[in-house]
Amino acid sequence: MGGVPAADVRPGAAASAPGGARAGSTGRATGKAGKKASRKGARTPSATRKVARVVVDVPLSHLDRPFDYLVPTDLDEPAVPGCRVRVRFAGQLVDGFLLERVDESEHEGRLSFLERVISAEPVLTREVAALAREVADRYAGTLCDVLRLAIPPRHARVEAEAGQAARPSPDIVAGVGAPAEPGPWQAYPAGASFLAALAEGRSPRAVWNAMPGPDWPAAVALAVRATLAAGRGALVVVAAGRDVARVDAALRAELSAATGTAAGAGVAAAATGRDGTAASPPGEPAAVTTAGPEAPPALHVALTAELGPAERYRRWLAVLRGDVRAVVGTRAAMFAPVRDLGLVVLWDDGDDVHAEPHAPYPHAREVLALRAHRAGAGALIGGFTRTTDATQLIETGWAHALAPDRATLRQVMPRIRPAGEDAELARDEAARSARLPHLAFRTARQALVDGPVLVQVPRRGYVPALACGRCRAPARCEACQGTLSVNSSHAAPYCRWCGRIAGRWQCPECGGGQVRATMVGARRTAEELGRAFPGVSVRTSGRDGVLDRVGGEAALVVATPGAEPVADDGYAAALLLDGWVLLGRADLRAGEEALRRWMNAAALVRPAAPVVLLADSALGPVQALLRWDPVTHAERELGERRELGFPPAARMASLTGTPAALRELLEAALLPEGAQVLGPVPVPAGTPAPAAGGGGTAGARAPGSRRPAEDRERALVRVERAGGHALAHALKAGQGVRSARKAADPVRVQIDPLELI
DNA sequence: TACAGAGTAAAA
DNA sequence: TTTACTCTGTAG
């Protein structure tokens with residue numbers, strides 16, 4: 001297990017001449033008749049292992065299985081397992097990957113020959129092939145969809161140039177020593193033993209609650225170093241490009257210390273600019289090729305989307321070929337073909353950018369967990385907060401909790417002070433007009449003497465949920481416990497899940513009969529704050545223009561959740577404005593998500609610095625922030641979800657499509673025993689598909705806008721957690737039936753969708 | 001009834 | 001793009 005099978009055989013440069021190998025290429029030049037004759041005549045099957053099992057790049061569900069082809073003698077050498085090929089399929093020439101070579105085919109009919117081998121580079125390793133198959137099955141998708149996510153597009157010139165890659169010499173790799181000191185892990189009772197386990201080549205799996213502060217990239221780097229010291233590879237997935245830059249820098253420092261070489265050279269050096277922004281190196285060669293003997297090659301690479309195709313492929317190849325042993329990257333890196341995987345790390349697993357927006361919509365947490373499981377690797381999943389999903393990993397016994405020592409934590413955690421909706425407003429007139437409570441105003445003014453103050457402002461545009469007008473308990477559907485909402489077409493509240501109109505709703509908590517929207521329309525602007533603090537520079541970071549970091553000088557830094565810059569020496573204070581807006585989102589995860597965003601912002605202040613949160617201190621997430629105790633909150637939340645039949649305690653699938661298509665799929669799919677179908681309901685107009693409400697990071701515009709929302713509906717299917725596999729299988733089969741029938745309009749199937757409104 | 005040629009569906 | 005099969009019209 002966990003081996004690096006196919007990739008072990010490096011094809012010589014000769015075998016993979018740029019442009020690949022073409023069967024019967026002589027026929028090209030000759031005339032029509034001659035071409036046909038020479039092709040047919042020239043092609044004879046290879047002497048050994050003449051059958052190639054190929055996964056073809058055809059996105060139809062019912063064709064999601066390998067097809068057999070004959071390997072002609074002239075392609076015998078380059079047709080290695082894992083290579084890209086081109087084959088004739090139903091007449092068309094299509095791309096594919098060669099999975100394996102075998103002696104005989106099961107197929108009854110006559111086999112076609114491989115048309116050509118694109119290149120002999122074995123880009124699909126056995127580990128990734130098996131992982132992709134498992135991910136496809138888990139998410140009711142096809143293998144080729146997952147492979148499209150897992151394997152970057154080929155760049156022929158990069159592939160050809162890389163023969164002389166800067167592979168770290170064995171003694172450098174062997175020279176990685178285990179960390180002598182646990183460093184930031186000292187603050188965790190189980191930290192040292194976690195590191196030690198990795199260094200001994202074992203595979204500890206932990207859900208991590210990071211200590212607030214700037215140390216987490218260093219902690220990650222130490223874990224990676226321990227893994228490398230045991231001769232295994234490591235994979236780190238973070239949410240955003242700037243987190244990649246920070247972990248990259250920490251890795252560079254840690255690994256150069258580990259090998260005793262000078263820092264800053266090699267592949268990683270090109271990964272990020274000096275200011276931490278990811279930047280493509282000017283000119284082509286920088287990264288791999290220029291690293292000579294005096295500039296020791298790096299042991300790791302950074303993989304992000306903004307590198308551009310060539311550089312991205314160059315680095316990805318370095319990983320594939322084992323030239324580097326560790327990877328840090330954003331979501332797409334979760335499939336990086338790291339050799340001898342010994343550790344996977346996922347930072348801030350609650351961030352919604354970890355959910356892949358392309359079919360079959362896999363989530364990095366799930367993929368990395370599957371991967372660690374398959375490869376027998378360790379895992380480190382977490383962030384400042386604790387998700388219900390990660391809590392589930394602990395409760396099922398898959399992972400252990402790795403949390404800071406409470407006494408140490410108490411010394412450094414921010415001092416959180418809540419100010420409710422009815423808090424006394426500031427006496428200052430400008431602050432008053434910004435509706436800034438007195439406490440927030442005073443805290444900011446005092447802190448501005450020492451340094452920057454972070455101001456978190458929720459973005460507008462959240463879908464409001466309904467709550468009881470009297471006791472403010474969330475209003476839920478009596479039939480399915482879905483979220484109630486209102487829109488312009490219904491006068492009465494309706495359920496977003498099953499569509500039932502709640503005519504005579506009554507609060508189960510207090511018996512009240514009135515509902516009210518929980519969102520308050522108030523918004524702060526940077527200008528308003530600027531007026532309240534004359535003479536203080538105001539900087540903003542948000543959707544249009546994300547700041548990576550700010551210096552130590554006094555400034556108000558206004559940011560939307562997820563776009564908070566890191567302050568070089570920490571913020572002197574933070575104000576979390578309009579907390580009730582985050583809490584009031586019409587999302588199942590609103591509480592958990594609000595806490596995550598608050599903690600991520602509050603973790604950026606100096607030890608024990610003040611943080612003012614504008615929200616009602618009686619609410620659970622607010623309490624959790626006050627005590628810096630996301631664990632208890634997540635455990636309680638998970639318990640409630642279990643009772644109500646919500647994910648992640650239950651499994652859900654969301655099906656979106658035209659009413660007719662949905663009906664067809666639900667008929668074709670033999671849903672498992674006990675499956676409950678909610679809806680279908682019309683897709684709310686203007687609901688931006690997958691990554692809605694994302695934090696500051698510039699999410700890709702959802703490709704779901706092909707047809708107007710009016711004629712699309714959504715159904716939810718709910719099963720017990722154990723039935724997830726059966727549900728995915730049934731939906732896949734149903735999709736297969738429809739695709740075989742050439743059904744016109746597709747149904748989008750999402751297992752465990754993030755946005756369960 | 002036999003069979004050529006057109007049309008269609010699969011898909012190695 | 002190829003192949004295998006069905007459909008359809010026509011000659012025997």
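Just so we're on the same page: letters track the sequence lines, and every chain starts at 1.
The main-chain N or O of A:Asp76 is found under 3.5 Å from a side-chain atom of A:Arg101 such that the two form a donor-acceptor pair. Using modelled atom types, no side-chain atom of A:Asp351 and backbone atom of A:Ala239 make a donor-acceptor pair closer than 3.5 Å. The backbone N or O of A:Gln750 sits nowhere less than 3.5 Å from a side-chain atom of A:Ser654 that would complete a donor-acceptor pair. For the pair A:Asp95 (side chain) and A:Arg86 (backbone), a donor-acceptor distance under 3.5 Å is absent.
The closest side-chain heavy-atom distance from A:His358 to A:Arg148 is not below 4.5 Å.
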Worksheet entry | Secondary structure string for DNA chain B (Watson-Crick or G-U under 3.5 angstrom, | for other-strand pairs) | ||||||||||..
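Evaluation of the salt bridge (charged side-chain N to carboxylate O under 4.0 Å, His left out) rule for A:Arg331 yields A:Glu356 as partners, not counting sequence neighbours.
Ring-plane geometry between A:Phe89 and A:Phe67 is classed as perpendicular, the angle between the planes exceeding 60 degrees on a 0 to 90 degree scale with a lower cut at 30.
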Please list each protein N or O that sits under 3.5 Å from an N or O in nucleotides 9-12 of chain B, with the distance.
unit_1: B:dA12; atom_1: OP1; unit_2: A:Ala90; atom_2: N; d: 2.9
unit_1: B:dA12; atom_1: O4'; unit_2: A:Asp68; atom_2: O; d: 3.4
unit_1: B:dA12; atom_1: O3'; unit_2: A:Asp68; atom_2: O; d: 3.4
unit_1: B:dA12; atom_1: O3'; unit_2: A:Ser112; atom_2: N; d: 2.5
unit_1: B:dA12; atom_1: O3'; unit_2: A:Ser112; atom_2: OG; d: 3.4
unit_1: B:dA12; atom_1: N6; unit_2: A:Arg65; atom_2: NH1; d: 2.9
unit_1: B:dA12; atom_1: N3; unit_2: A:Asp68; atom_2: N; d: 3.0

